[in-house]
Amino acid sequence: MIGSSRYRTHTCVGAADAVGERVRLSGWVHRRRDHGGVTFIDVRDRSGVMQLVFHPEAAGAIEAAKGLHPEDVICVEGDMVPRDAATVNDRLPTGGVELRADRLEVLTSAAPMPFSVEDEGAEANEELRLTYRYVELRREARLRALELRGAVVRAIRAVLDDEGFLDVETPMLTRSTPEGARDFLVPARLQKGSWYALPQSPQLFKQLLMIGGLERYYQIVKCFRDEDLRADRQPEFTQVDIEASFVEQEDIQSLVERILVAAFAEGGVTLTAPFPRMTYADAIRRFGTDRPDLRFGLEIQDWSAQAAESGLGVFEGVVKGGGVVRGIVVPGAGAGMSRKDLDGLVAEAQQIGAKGLVWAVPGEDGALRSSVKADFLAGLPEAFGAAEGDLIAVVADRERDAQNVLGMLRGRLAERHGLIPDDAWEPLWVVGFPLVEWNEGEKRWDSTHHPFTSPRPEDVDRMESDPGAVIADAYDVVMNGLELGGGSIRINDPGVQQRALALIGMDADEADARFGFLLRALELGAPPHGGLALGLDRLVMLIARAASIRDVMAFPKTATGGDPLTGAPAPVDDAQLKELGVAVTAPPPAAG
RNA sequence: GGGGGUGUAGCUCAGUUUGGUUAGAGCACCGGACUGUCAAUCCGGAGGCCGCGGGUUCGAGCCCCGUCACUCCCGCCA
């Protein structure tokens with residue numbers, strides 16, 4: 001064990017094997033039980049907890065023990081002894097032994113805690129826990145999450161190192177690119193008026209490494225995106241970034257499968273490779289999302305043809321206008337839902353983006369409880385295979401919007417009605433993404449993945465004539481409805497790259513100004529290459545069965561991007577700004 | 001930018017339904033008792049800008065308006 005024996009000869013849990021020995025432990029006071037005569041202290045270090053017992057004979061030590069407070073840092077010495085049979089604690093890994101302490105040194109005394117370390121059942125509110133994150137990290141659950149994260153990283157590195165991948169660092173101060181997420185910017189003091197951007201991913205650098213002949217690169221690296229936060233999204237996060245030369249899609253996929261099998265094994269989850277594949281088109285059609293959760297059914301069904309003849313004005317109008325009428329069946333969900341619940345479901349659908357929602361619940365003898373007159377829905381339960389007590393939710397809209405709403409409702413309803421099995425793991429490759437998508441607001445084509453993604457070779461000829469039909473050599477890996485990572489085979493032909501940039505509205509001059517360095521590099525001998533990036537935080541969150549990405553990060557930020565511990569972000573001195581040539585136009589933040 | 005939830009002692013929460021005396025409990029804290037506990041127990045004490053601001057009212061923790069913080073979701077996140 002690393003560490004001077006001045007402080008300890010064993011860890012708290014390790015000492016359990018040292019019965020009969022003289023033992024010294026250091027750690028935090030977990031709990032104190034003072035019986036007037038005999039006094040017990042549970043001392044805790046990273047390994048866990050050991051019970052100390054102080055007897056009145058241990059003069060000096062017991063007086064000090066009676067004065068201890070939770071979280072005092074102490075060093076104790078004594079004899080490891082087995083406990084009497086009657087006092088064994090089966091709920092504690094070290095419950096068969098105890099340290100009969102006769103020397104106690106308080107290394108540091110602690111002020112009263114802002115919240116209890118030992119009572120993990122009482123979760124203090126998250127802002128307070130983040131303000132005192134270093135106290136919260138002492139809790140078992142936090143500690144184990146970080147240990148798991150470390151183990152997952154080690155497992156991933158082992159796979160990549162075995163395969164000859166080289167860990168190479170890329171710059172954090174780099175160039176802003178207009179596509180994708182909003183950049184975090186850093187002013188350049190030596191070139192006032194110019195800015196660095198923090199990387200959204202090392203995308204271009206890893207391609208340049210391939211052109212540089214590295215052949216196999218990986219990096220476990222921080223990335224930055226200035227967008228709104230979510231339970232599974234932080235402004236700075238970690239990617240497992242991978243790129244390889246002379247590879248095809250299947251090579252990357254099987255490598256990533258080996259990585260994920262090893263990573264999930266750290267959490268006791270056995271995954272079977274190869275993972276199933278599904279095309280983007282199928283994913284959207286069946287599940288209304290490009291990252292389907294396959295742990296449950298509730299597939300989207302089409303009722304457009306029948307709806308066109310239903311007699312219901314909304315349905316007929318939508319279908320005539322080129323839209324669709326589609327729905328999902330939630331087994332057993334309708335039986336317990338009141339009119340108020342069902343109205344709430346309609347409101348929820350509208351908040352998600354639906355214009356409306358028609359619900360129906362088949363009852364006894366073919367009766368139908370529904371939000372519109374049952375006559376309009378004749379044949380619907382039969383067509384959808386709905387049984388008595390099931391909930392049928394139907395949306396009529398443009399195809400894209402209907403699929404989107406139903407996709408979201410599908411997940412929410414499955415969750416709410418307990419249709420998601422515990423400890424189920426359903427990995428999936430989604431492939432065959434379109435190269436570009438039409439951006440109606442901006443009236444232009446946007447990259448689905450990013451502008452360096454290669455079209456399938458057989459589609460290159462159609463890039464100009466029918467851009468929307470071009471399929472990309474891109475692939476996402478999905479687990480339980482969460483996107484774990486995505487990648488692609490990259491363009492390695494400068495001409496095709498130029499055409500890809502032109503397709504998303506970048507003329508030759510602009511392309512040259514922004515990505516001239518890449519185009520030039522592609523002209524100087526670029527091997528075929530491709531790769532993928534995994535979201536490490538999300539991956540660990542899944543393996544840890546955590547509810548939030550924050551649970552597997554040591555120092556996460558709040559939903560408004562703040563760090564209650566350090567107070568970041570914060571205003572800076574005028575002198576600092578002047579030195580950088582930066583002026584602030586925003587009003588000063590209100591004092592807390 | 002939009003929708004929902006939360007905010008009362010250091011912490012976790014009750015009190016808000018139906019406005020009405022001095023706002024309670026457990027843990028933590030301070031003092032005391034206790035020789036085998038493991039959420040130790042028992043006795044006593046201290047601790048409150050009821051998030052903040054405004055309004056209604058004879059009277060507001062409770063009703064109304066605004067605002068802030070945290071949180072979940074939509075938008076956003078190549």
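Numbered from 1 within each chain, the chains take letters A, B, ... in sequence-line order.
A stacked arrangement is not assigned to A:F115 and the six-membered base ring of B:C11, the conditions of a centre distance below 5.5 Å and an interplanar angle below 30° not being jointly met. Stacking here means ring centres nearer than 5.5 Å and ring planes tilted less than 30 degrees, and by that measure A:H35 does not stack onto B:G36.
One interatomic measurement links the two molecules: NZ of A:K66 to C1' of B:A40, which rounds to 13 Å at whole-angstrom precision. Atom CG in A:D34 sits about 10 Å away from atom P in B:C34, given to the nearest Å. Whole-Å rounding puts the A:D42 CG to B:C38 P distance at 11 Å.
Heavy-atom minimum distance, A:L409 versus A:I328: C-CD1, 4.2 Å.
Taking the C1' atom of each, B:U12 and B:G54 are spaced 31 Å apart, rounded to whole Å. Across the C1' atoms, B:C29 and B:G10 are found 8 Å apart, a figure rounded to whole Å. Comparing B:G24 with B:U67, their C1' atoms are spaced 29 Å from each other, to the whole Å.
Among the protein residues, A:D226 comes within range of no part of the nucleic acid, since none of its heavy atoms lies under 4.0 Å from any strand.
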Using a 3.5 Å cut-off and no angle test, enumerate the donor-acceptor pairs between side-chain atoms of residues 472-485 of chain A and protein atoms at least two apart in sequence or in another chain.
residue	atom	partner	partner atom	Å
A:Y475	OH	A:S488	N	3.4
A:Y475	OH	A:S488	O	3.2
A:Y475	OH	A:G531	O	2.8
A:N480	OD1	A:E426	N	2.8
A:N480	ND2	A:A424	O	3.0

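Look at A:R33 and you'll find a side-chain N or O under 4.0 angstrom from OP1 or OP2 of B:A40. Not one side-chain nitrogen or oxygen of A:R83 sits closer than 4.0 Å to the OP1 or OP2 atom of B:G36.
Comparing A:H69 and A:N125 by the nucleotide of RNA chain B whose heavy atom lies nearest to each, the residue mapping closer to the 5' end is A:N125.
Ring geometry for A:F515 versus A:F452: interplanar angle over 60°, hence perpendicular rather than tilted (30 to 60°).
Considering only the side chain of A:E98, B:G36 comes nearest among B:U12, B:C76, B:G36. Among B:C77, B:C29, B:C73, the nucleotide with an atom closest to any side-chain atom of A:P70 is B:C29.
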